[in-house]
There are 2 protein chains.
Amino acid sequence: MDQAKKNRLEAKGWKVGTVSDFLELTPEESILVEIKLALSQSLKERRQKLMTQSDLASRISSSQPRIAKAENGDASVSIELLFRAILATGATPQDIGEIIASVS
Amino acid sequence: MDQAKKNRLEAKGWKVGTVSDFLELTPEESILVEIKLALSQSLKERRQKLMTQSDLASRISSSQPRIAKAENGDASVSIELLFRAILATGATPQDIGEIIASVS
DNA sequence: CGTAAATATATCAGATATGATATAAATCGA
DNA sequence: TCGATTTATATCATATCTGATATATTTACG
């Protein structure tokens with residue numbers, strides 16, 4: 001993984017390699033991160049067409065700041081919350097399946 | 001939702017309706033539950049062809065009991081863990097996408 | 001049968017994710 | 001440019017999920 005990408009991920013709270021730069025993510029860990037980022041991006045795109053972050057937050061009993069984090073690929077956001085948010089934009093399981101299938 | 005299905009879900013820790021039987025799951029909540037159950041089932045099928053629960057557990061630094069719960073659709077298991085486990089069976093994002101797209 | 005391997009259930013302390021709140025920063029019209 | 005709306009960041013107490021451990025139960029098979 002190049003340094004630029006690593007920096008981008010680490011800014012969002014991802015632990016890309018611990019203890020200096022020797023450890024890398026395993027392939028599976030990478031895929032998981034990429035899936036989350038793909039979900040984030042898709043959430044942002046879908047939500048922007050329909051409503052504000054606050055609107056979406058109240059629909060799923062969450063908070064505007066949490067939606068902001070979800071859309072920015074913050075590491076503290078679970079796939080769970082990403083799914084709930086995306087579903088609240090009207091996405092179907094098929095839609096989510098496609099987002100995930102598009103990874104890697 | 002019929003009583004039999006409700007009982008099945010509640011046995012696994014899902015809160016299907018609170019305060020007596022008046023509250024139902026919203027469509028989105030239902031989809032989320034169904035996605036998790038689909039992932040559980042798929043995990044079980046894939047893992048059984050390849051290894052024991054203990055084997056899989058050690059591959060993802062988890063524990064055999066947690067894999068058991070994951071495969072049984074226990075409500076305490078996150079989508080996160082389900083993904084990690086399924087990926088450890090060699091599943092690709094495409095595979096996971098298909099599992100999710102097959103829901104509903 | 002018996003017994004060993006695999007799976008399921010129970011419990012728990014620690015880690016992580018949560019919504020809430022406050023507020024800063026950015027964006028957008030008038 | 002300015003005020004208002006939207007989005008981002010920071011902090012925090014609580015809830016949820018975690019792996020670990022112990023152990024019960026089931027399954028496979030001699």
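In what follows, chains are A, B, ... by sequence order, proteins preceding strands, each numbered from 1.
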Which atom pairs link the protein and nucleotides 27-30 of chain C when you take only N or O atoms and keep those under 3.5 Å?
none

Counting only heavy atoms and a strict 4.0 angstrom limit, can you tell me which residues of residues 63-73 of chain A come near DNA chain C?
A:Ser63, A:Pro65, A:Arg66
Counterpart residues, side-chain contact (heavy atoms from CB on, under 4.5 Å), relative to A:Glu98 (two or more places apart)
none
List for me each residue that meets side-chain contact (heavy atoms from CB on, under 4.5 Å) alongside A:Thr92, sequence neighbours excluded, and say none if there are none.
A:Gln94, A:Asp95
With sequence neighbours left out, the residues meeting side-chain contact (heavy atoms from CB on, under 4.5 Å) with A:Ser102 are none
For DNA chain D, the residues among residues 31-39 of chain A that have a non-hydrogen atom under 4.0 Å from it
none
For A:Thr52, which residues count as a side-chain contact (heavy atoms from CB on, under 4.5 Å) partner, sequence neighbours excluded?
A:Ser54, A:Asp55
At what angle, to 10 degrees, do the two end axes of the helix from C:dC1-D:dG30 to C:dA30-D:dT1 meet, given five pairs define each axis?
60°
Using the side chain to side chain donor-acceptor pair (under 3.5 Å) rule, collect all pairs that involve residues 74-85 of chain A, keeping only residues at least two apart or in two chains.
A:Arg66-A:Ser76, A:Asp74-A:Ser76, A:Glu80-B:Lys36
Hits for side-chain hydrogen bond (donor to acceptor under 3.5 Å, both in side chains) against A:Thr89, two or more places apart or cross-chain, chain-then-number order -> A:Arg46
Restricting to salt bridge (charged side-chain N to carboxylate O under 4.0 Å, His left out), what partner residues turn up for B:Arg47, sequence neighbours left out?
B:Glu71
Using OP1 and OP2 only, check whether a side-chain N or O of A:Ser78 sits under 4.0 Å from D:dC17.
no
Going by number, which of residues 40-53 of chain B have a non-hydrogen atom under 4.0 Å from DNA chain C?
B:Lys44, B:Arg47, B:Thr52, B:Gln53
